[in-house]
Amino acid sequence: MGLAATKARTATPRREVSKSRGGRPTKSAAIERDQRLIEVATRLFLDRGFDATSLDAVAEAARVSKPTVYARYGDKRGLFTAVLRREISRWLAPLSAAAETQLGSSSDISVEQRLVEIGQEMLSFTCGPDAMAFSRMMTSQAINFPDIAKLGMEDGWLKAVATTARFFDHLVAQGALDLENTNIAAEVFLDVVVGHTHRMATFGTPMEIKAAEKRMRVAIKLFLAGALGPADRVQETSKAPPKRAQRRRPSR
């Protein structure tokens, strides 16, 4: 009796939802409820991981009925997909914003500096603990749920490549870059800028933002110069190396 009374006092009251005359939640109330569900689910997935998070726990923490969660998302995979889709959009937003900003920036700014600024925006989110945790979860669940891996590829990676490629198209039109294929160039750029950080996150090894930025700057220089380096060095390396004079062994 005492325990029941204590639970009754400490239990979080269920949040009232505005309803229309037909008994269904209003459109604004439904949107608010879905946002709250996604926020709660995101935090539980991050705190507990995919396997230890249940729809019942999400419903209780979000203060909504269990049938509402099941009706909206079907199962845990459906809920995780919705959470992942939002996280991907949050990851793409800084990239899109940075690319749009650079499109309107002065041509006096060097290409290297433009790429560095885009890279900084990407790293600031990629190096975050939440992004790293979701990266590990998505990788671990990709084998069991191929549709999750497909979502990460199509909504995440491919959109990031397309956004970066459009920016490179702009630089090519300005004569700032000479690229045969901007899509391939975008893939290479993204891989050298955030690929290493992503792999470190997958292995559960955090990387400090300062170290990541230092590595990113070196990678961008390599990306712009090419593996062979500056043009004068290419000319030097293209020449046949001089023959070395044979050394005579000293007489004993």
Side-chain angles (χ1 to χ4, degrees), residues 80-105 107 109-128 130-143 145-203 205 207 209 212-228:
F80 183 72
T81 299
V83 168
L84 183 60
R85 183 173 282 112
R86 192 191 69 155
E87 289 302 304
I88 289 174
S89 66
R90 290 177 60 194
W91 180 76
L92 287 175
L95 172 61
S96 299
E100 289 297 326
T101 299
Q102 294 303 323
L103 288 177
S105 63
S107 58
I109 302 176
S110 68
V111 174
E112 180 177 344
Q113 183 58 35
R114 293 186 185 188
L115 296 183
V116 166
E117 290 177 4
I118 290 178
Q120 287 174 331
E121 290 292 334
M122 297 171 63
L123 285 177
S124 64
F125 185 79
T126 307
C127 287
D130 289 357
M132 296 175 74
F134 268 107
S135 175
R136 291 193 295 271
M137 271 192 288
M138 186 172 64
T139 302
S140 65
Q141 298 303 321
I143 297 178
F145 306 122
D147 52 331
I148 291 179
K150 184 179 179 182
L151 173 66
M153 173 61 70
E154 294 181 352
D155 282 24
W157 175 253
L158 294 182
K159 285 186 178 180
V161 169
T163 299
T164 307
R166 286 195 296 271
F167 174 60
F168 284 171
D169 286 335
H170 176 73
L171 293 179
V172 170
Q174 287 184 333
L177 288 179
D178 183 11
L179 299 172
E180 182 179 349
N181 188 311
T182 53
N183 277 303
I184 294 177
E187 290 179 352
V188 173
F189 173 75
L190 291 173
D191 196 35
V192 298
V193 171
V194 297
H196 177 74
T197 306
H198 174 77
R199 286 188 290 273
M200 295 287 282
T202 303
F203 298 147
T205 304
M207 190 171 186
I209 188 66
E213 282 193 7
K214 182 178 179 180
R215 189 183 186 284
M216 177 263 295
R217 289 177 180 274
V218 174
I220 287 177
K221 285 182 180 293
L222 178 62
F223 172 80
L224 290 174
L228 292 177

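- Counting only heavy atoms from C-beta outward, the side chains of Leu84 and Met137 never approach each other to under 4.5 Å.
- In plain terms, the two heavy atoms of Phe134 and Val83 that are nearest each other are CZ-CG1, 3.4 Å.
- For the pair Lys159 and Ile88, the minimum side-chain heavy-atom distance is 4.5 Å or more.
- Taking CG from Asp147 and OG1 from Thr81, the interatomic distance works out to 5.5 Å, rounded to the nearest 0.5 Å.
- With respect to Glu117, the side chain to side chain donor-acceptor pair (under 3.5 Å) criterion is satisfied by exactly one of Gln113, Gln120, Arg114: Gln113.
- Smallest separation of non-hydrogen atoms from Ile118 and Phe167: CD1-CE2, 3.5 Å.
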Side chains of residues 177-189: which donor-acceptor pairs under 3.5 Å do they make with residues two or more places apart or in other chains?
from: Asn181; atom 1: OD1; to: Asn183; atom 2: N; distance (Å): 3.0
from: Asn181; atom 1: OD1; to: Ile184; atom 2: N; distance (Å): 3.0
from: Thr182; atom 1: OG1; to: Asp169; atom 2: OD1; distance (Å): 2.9

Could you list the donor-acceptor pairs under 3.5 angstrom formed between side-chain atoms of residues 214-225 and any protein atom two or more places apart in sequence or on another chain?
from: Lys221; atom 1: NZ; to: Glu112; atom 2: OE2; distance (Å): 2.9

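- Atom CZ of Phe80 is separated from atom CD of Glu87 by 9.5 Å, given to the nearest 0.5 angstrom.
- With rounding to the nearest 0.5 angstrom, the CG atom of Asp155 is 5.5 Å from the CZ atom of Arg85.
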